[in-house]
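I have a structure I would like to understand better, so I am pasting it below and will then ask my questions one at a time.
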Amino acid sequence: MSITIYHNPDCGTSRNTLALIRNSGAEPTVIYYLETPPSGDELRQLLAAMGIPVRALLRKNVDRFTDDQIIDFMLQHPILINRPIVTTPQGTRLCRPSEVVLEILTAPQKGAFVKEDGEPVIDAAGQRVK
């Protein structure tokens, strides 16, 4: 299965999402988007695949700009892009919180997973903790 994560290793949510993907036994393609930002077309495709407006991808609300201006800002300053974005054959999601990635992973979790902050997400049987 092909999985891609647009990742910022300085972000706990992004690190947790990557760890959940790996906990399913998959090794994703990791794109460090601050170093290699997506093109405008790629960003528009990701937004369309997620079915979210461009403003939902911003780290902070910016009300006075058009969508095209915001995309241009994101291209110039990729730190504005909310993360992590994960694509799989099952769909594309903005994985905030990191557990959202479970919606688009087909392989079951292989064991317990606890977020960096100590919050349990997956139990020892590989089941989601509610």
Practice item. Evaluate the criterion side-chain contact (heavy atoms from CB on, under 4.5 Å) for residue pair Ile79 and Leu34; output intermediate values, then yes/no. Key: CA-CA 6 Å; Ile79 194 68; Leu34 293 177; 3.9 Å; yes
Point to revise | Qualifying residues under salt bridge (charged side-chain N to carboxylate O under 4.0 Å, His left out), relative to Arg22, sequence neighbours excluded | key: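 Expected list: Glu27.
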Exercise for review: Can you run down the salt bridge (charged side-chain N to carboxylate O under 4.0 Å, His left out) pairs that involve residues 9-18, sequence neighbours left out, and say none if there aren't any?
Suggested key: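 Only Arg15-Glu116 qualify under salt bridge (charged side-chain N to carboxylate O under 4.0 Å, His left out).
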Check your understanding: Residues two or more places apart in sequence or in another chain: which of them pass side chain to side chain contact (heavy atoms under 4.5 Å, CB included) with Ala125?
Key ->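 If we apply the side chain to side chain contact (heavy atoms under 4.5 Å, CB included) test to Ala125, skipping adjacent residues, the hits are Asp123, Gln127.
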Point to revise | Pairs touching residues 81-119 that satisfy ring pair (Phe, Tyr, Trp, His ring centres under 6.0 Å), sequence neighbours left out | key: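 Every pair satisfying ring pair (Phe, Tyr, Trp, His ring centres under 6.0 Å) with a residue in residues 81-119: there are none.
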**Study point:** Heavy-atom check, side chain of Leu102 versus side chain of Val121, under 4.5 Å
**Key:**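 Sidechains of Val121 and Leu102: in contact.
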Exercise for review: Provide the closest heavy-atom pair for Pro53 versus Leu47 in the form atom of the first, atom of the second, distance.
Suggested key: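 Looks like O-CD2, 3.9 Å.
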Check your understanding: Can you name the salt bridge (charged side-chain N to carboxylate O under 4.0 Å, His left out) partners of Arg128, sequence neighbours left out?
Key ->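 Arg128 satisfies salt bridge (charged side-chain N to carboxylate O under 4.0 Å, His left out) with no other residue.
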Check your understanding: According to a 4.5 Å side-chain heavy-atom criterion applied to Ile, Leu, Val, Met, Phe, Trp and Tyr, with indirect links allowed, do Val114 and Ile21 form part of one hydrophobic cluster?
Key ->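 No, Val114 does not connect to Ile21 through the hydrophobic network.
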**Study point:** Pairing residues for Thr87 by the side chain to side chain contact (heavy atoms under 4.5 Å, CB included) criterion, not counting sequence neighbours
**Key:**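 Expected list: Thr4, Leu46, Thr92.
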**Study point:** Sequence neighbours excluded, every pair satisfying salt bridge (charged side-chain N to carboxylate O under 4.0 Å, His left out) that has a member inside residues 73-86
**Key:**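 Those involving residues 73-86 do not exist here.
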**Study point:** Where Ile122 and Gly111 come nearest, the two heavy atoms and their spacing
**Key:**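 Smallest interatomic distance, heavy atoms only, reads CG2-O, 3.1 Å.
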Point to revise | For Leu94 against Asn82, the heavy-atom pair lying closest together | key: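 Scanning both residues, the minimum pair turns out to be CD1-O, 3.6 Å.
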Exercise for review: Hey, could you give me each pair passing salt bridge (charged side-chain N to carboxylate O under 4.0 Å, His left out) that has a residue in residues 41-53? Not counting sequence neighbours.
Suggested key: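 For residues 41-53: Arg44-Asp68.
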Exercise for review: Carefully, step by step, assess Arg93 and Thr88 under the rule side-chain contact (heavy atoms from CB on, under 4.5 Å).
Suggested key: CA-CA 9 Å; Arg93 299 286 187 282; Thr88 76; over 6 Å; no
Check your understanding: Do Leu20 and Val129 share a hydrophobic cluster, counting only Ile, Leu, Val, Met, Phe, Trp and Tyr and linking them when any side-chain heavy atoms are less than 4.5 Å apart?
Key ->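 Different clusters.
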Review point. Any donor and acceptor pair, going by atom type alone, linking the side chain of Ser24 with main-chain N or O of Gln109 inside 3.5 Å?
Key: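 Flag not set: sc Ser24 to bb Gln109 has no pair under 3.5 Å.
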Point to revise | For Ser14 against Asn8, the heavy-atom pair lying closest together | key: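 Scanning both residues completely, I find the closest heavy atoms to be OG-N, 3.2 Å.
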Check your understanding: Can you tell if the side chain of Leu18 reaches within under 4.5 Å of the side chain of Pro84, non-hydrogen atoms only?
Key ->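 No - every pair of side-chain heavy atoms lies 4.5 Å or more apart.
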Check your understanding: ring pair (Phe, Tyr, Trp, His ring centres under 6.0 Å): which pairs involve residues 26-47, sequence neighbours left out?
Key ->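 For residues 26-47, and leaving out neighbouring residues, the ring pair (Phe, Tyr, Trp, His ring centres under 6.0 Å) pairs sorted by first residue read His7-Tyr32.
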Practice item. Give the intermediate values and the outcome of side-chain contact (heavy atoms from CB on, under 4.5 Å) for residues Leu57 and Ile85. Key: CA-CA 9 Å; Leu57 200 54; Ile85 299 168; 3.7 Å; yes
Review point. For Gln45, which residues count as a side chain to side chain contact (heavy atoms under 4.5 Å, CB included) partner, sequence neighbours excluded?
Key: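 So Gln45 forms no side chain to side chain contact (heavy atoms under 4.5 Å, CB included) with any residue.
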Practice item. Would you check if the side chain of Asn23 reaches a backbone N or O of Ala19 as a donor-acceptor pair within less than 3.5 Å? Key: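 Checked: no pair found.
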Under 3.5 Å, side-chain donor or acceptor atoms of residues 69-78 against the rest of the protein: list the pairs with distances, not counting sequence neighbours.
| residue | atom | partner | partner atom | Å |
| --- | --- | --- | --- | --- |
| Gln69 | OE1 | Thr66 | N | 2.8 |
| Gln69 | OE1 | Thr66 | OG1 | 3.3 |

Exercise for review: Check side chain to side chain contact (heavy atoms under 4.5 Å, CB included) between Pro97 and all other residues, then give those that pass, not counting sequence neighbours.
Suggested key: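 Glu99, Val100, Lys115.
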